[in-house]
There are 2 protein chains.
Amino acid sequence: MLTRSEEDHIKAVYVLVQEGDKAFTKDLADRLRTKASSVTDMLKKLAEKGYLKHEPYYGAKLTAKGQALALQLVRKHRLWETFLVERLGFGWDEVHEVAEQLEHVASEQLINQLDAYLGHPAFDPHGDPIPDRNGRIRARRTRRLDVSVAGDTVRIVAVSETTDGLLRLLDAKGLRIGSTLAIQEVHAFDGSMDVKPKNGAAFSLSKDVSHHLQVESIQP
Amino acid sequence: MLTRSEEDHIKAVYVLVQEGDKAFTKDLADRLRTKASSVTDMLKKLAEKGYLKHEPYYGAKLTAKGQALALQLVRKHRLWETFLVERLGFGWDEVHEVAEQLEHVASEQLINQLDAYLGHPAFDPHGDPIPDRNGRIRARRTRRLDVSVAGDTVRIVAVSETTDGLLRLLDAKGLRIGSTLAIQEVHAFDGSMDVKPKNGAAFSLSKDVSHHLQVESIQP
DNA sequence: TACAAATATTAGACATGTCTAATAAATCGA
DNA sequence: TCGATTTATTAGACATGTCTAATATTTGTA
C-alpha cells in the first residue's frame, strides 16, 4: 500500500515525462508544492520500491510498474472529474482539487463500478482521455491550437493545463470542449491568433492560451 | 485541517458515547485497531485542540465542537454508503470499508451536492439516520428487536452493528431494511426468538443478532 | 479491605515525511 | 573554458503518529 504522498510523486513523474522526456527534481518540487530535497528523498525511496529509475542529477522515469500505477491514478482522477461535472453539476473548473483527493481512495470495485455507472466514458470533461481498467488510452489525432494556421477550422477536444486561471478565462470566452473555431489570422509577432467561434464574434487568443488547447480538424 | 487519524478518533468517541456515556481508552483502541497508549496520546492532543474533554482514567467525551465534527463525518459516511448502494450497485455489506475512506474527503460542496443528487435521503441503506448539513438527525421511534415480545409485528429499520459477518448473515436469511417480521416466540433461556418474515418460513434469530436490529412496530 | 487483574498513562524508541543549510554537480554565458 | 548561476543531493533537525515496556490507577473479588 502506498501513501498519498508516494502516489502523488509517481503521478507527477508521469505527467512531467509526458511533456519532456524526464522528470526533474525541481519541476517535481514545484508541481508538488514541496522542496527539492524532499523530492530527492522520495525519488530514492520509490526507486528502491521499483516504481521508477532515478539517475541522480538526470531526473526520473517510471518503470513499467510505476507507469501502470500512474495510469490507474489518472484513470481514477478523470473518472471522478467526469462524475463531479456530469452528475453532481460541478463546473469543470471546480473539480480538480476534489478529484485530487478522490483519486487516492483505494477500491478496485469502486472505480470499476463508477466507470460502468458513467457509461465507460473515453474522455473526461476537459477532453482528456480516460485510461481503461488495463491502462489503455484511446488515441485521437489532435494537435495544439498554436500550431494551427489561418484558414483551419478546428474543434477543441482537450485542455492540457488545468490551472484555475486558464479554465476561468476559457469559461469567460465561452470556450469549452466541443467548441468549434475558425482560425482567421495568426500573428507571427507574438503567436496570438484571431479566432471566430461558430455562433459569435471573433476574438483574439494569446499563445499562452492556444498552446494549451488540443484541437482536431473538422470541415468548416 | 485534521488528519485522518484525528478524525477517526473523534468519530470513534462519538460512536462509543452513543452506547455507554463515556468512551474509554481500551474500547477506542479496539475499535481503531491500535494500542491504548496511542489512544491516550491522541486524546490528549484532541483535548488540547478543543474537540473533547479527556479525564484521565475516566474516559473521553466530545465538546460541542467535536460533536459537530463527528456528525459531519457520520453524515458523509452515510451519504457515501447510500450512493454506493443505490447508484453504484454495491451490496449493503460491501460498502463500509470504502465509505470509511470517502468520508475523509474534504469538500463542503462535494458533500452537499452529493446529498442533493441522492435526493436528501434521511436514512442510509442500513436504516441509520443521515444528519443534515446542520448536524440534525431526524428522530424515529424505534427499539431493539431483542426487547420485542411474542405477538409483535415489526419492521426492520436499522442495523446498529455493521460487521461484515452480521451483514452477510442477514443477507443469507433474506433480511434487509424494510423487512417485516412477526415474532412468534421468545425463548427466555438464551434470548433467541422465532420470527416469521412476511413471505417465507419462520426461523430463529439469536440474541446476538436481534440485539443489533432496530425495529418499529407496525400493524400485523 | 487488600490484593490480583484489568485498564490507563508515561517514558522512550522508532518510522515516515518534511524542512533548512551545507555541499556537490551541471549548465549557461561571456 | 571558466566562473557564476541553477539545480540536485546529503546531512541533520524536527513534527507526527505509532509502538513496547514500565509504572500508575482503578476495579473486582475473596
Side-chain angles (χ1 to χ4, degrees), chain A residues 1-17 19-62 66 69-70 73 100-101 103-104 106, chain B residues 1-17 19-62 66 69-70 73 100-101 103-104 106:
Chain A
M1 189 72 288
L2 296 179
T3 63
R4 161 141 195 196
S5 177
E6 289 171 326
E7 290 191 344
D8 283 339
H9 280 74
I10 289 168
K11 198 176 118 185
V13 171
Y14 174 83
V15 170
L16 290 182
V17 169
E19 301 172 2
D21 83 320
K22 304 218 160 107
F24 290 96
T25 306
K26 181 175 194 306
D27 299 329
L28 288 167
D30 289 348
R31 167 171 283 265
L32 295 165
R33 296 157 170 278
T34 180
K35 294 294 147 78
S37 57
S38 308
V39 171
T40 301
D41 291 344
M42 192 56 91
L43 291 180
K44 229 187 293 183
K45 193 218 285 201
L46 291 173
E48 267 164 27
K49 292 196 180 183
Y51 290 99
L52 50 80
K53 294 282 179 207
H54 179 212
E55 290 211 65
Y57 297 103
Y58 290 94
K61 259 187 174 171
L62 296 178
L69 198 141
L73 289 170
E100 205 64 32
Q101 294 183 63
E103 79 187 15
H104 296 289
Chain B
M1 189 73 290
L2 296 178
T3 64
R4 161 142 194 196
S5 176
E6 289 172 324
E7 290 190 346
D8 283 339
H9 280 74
I10 289 168
K11 199 176 117 186
V13 171
Y14 173 82
V15 169
L16 290 181
V17 169
E19 299 171 4
D21 84 320
K22 303 216 159 107
F24 290 96
T25 305
K26 180 174 194 309
D27 299 329
L28 288 167
D30 289 348
R31 166 171 284 265
L32 294 165
R33 296 154 168 280
T34 181
K35 294 295 146 76
S37 57
S38 308
V39 171
T40 301
D41 291 344
M42 193 55 93
L43 291 180
K44 229 186 294 183
K45 193 218 287 200
L46 292 173
E48 267 164 26
K49 292 195 181 183
Y51 291 98
L52 50 80
K53 294 281 179 211
H54 180 215
E55 290 211 66
Y57 296 102
Y58 290 94
K61 259 187 174 171
L62 296 178
L69 198 139
L73 289 170
E100 204 65 30
Q101 294 183 62
E103 79 187 13
H104 296 289

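So that the names make sense, note that chain A is the first sequence line, chain B the second, and so on, each numbered from 1.
Note: OH (Y58(B)) to P (dT25(D)) measures 11 Å, nearest angstrom. Rounded to whole Å, the distance from CD on E55(B) to P on dT25(D) is 16 Å. Summarising the geometry, the separation between NZ on K35(B) and P on dT10(C) is reported as 19 Å, rounded to the nearest angstrom. Atom NZ of K22(A) is separated from atom P of dA8(D) by 12 Å (rounded to the nearest Å). With rounding to whole Å, D41(B) atom CG is found 16 Å from dA15(D) atom P. Spacing between atom CZ of F24(A) and atom P of dT27(C) amounts to 8 Å, rounded to whole angstrom units. With rounding to whole Å, D27(A) atom CG is found 15 Å from dT6(D) atom P. Look at CG on D30(B): it is 11 Å from C1' on dT7(C), rounded to the nearest Å.
For the pair S38(A) and P56(A), both in contact range of DNA chain C, the more 5′-proximal nearest nucleotide belongs to S38(A).
For T25(B), a side-chain nitrogen or oxygen approaches OP1 or OP2 of dT9(C) to under 4.0 Å. For the pair Y57(B) and dA24(D), the criterion of a side-chain N or O lying under 4.0 Å from OP1 or OP2 is not met. Side-chain N/O atoms of S37(B) include none lying less than 4.0 angstrom from OP1 or OP2 on dT9(C). Within the structure, every side-chain polar atom (N or O) of H54(B) is placed at least 4.0 Å from both OP1 and OP2 of dA8(C).
With respect to E6(B) and K49(B), a salt bridge is recorded, a charged nitrogen being found less than 4.0 Å from a carboxylate O. For the pair R4(B) and D8(B), the salt-bridge criterion is met [side-chain N within less than 4.0 Å of a carboxylate O].
Nearest nucleotide to the T40(A) side chain, out of dA8(D), dA26(C), dT9(C): dA8(D). Of the candidates dT7(C), dT10(D), dT18(D), dT18(D) carries the atom nearest the M42(B) side chain, counting heavy atoms from C-beta on.
Side-chain contact check for D21(A) versus K61(A): some heavy-atom pair is nearer than 4.5 Å. Under the 4.5 Å side-chain criterion, counting only non-hydrogen atoms from C-beta, Y51(A) is in contact with L2(A). Contact check for E7(B) versus I10(B): no side-chain heavy atoms found under the 4.5 Å cut-off.
Residue-level contact check: S5(A) touches the backbone only, with heavy atoms under 4.0 Å from sugar-phosphate atoms and none from bases.
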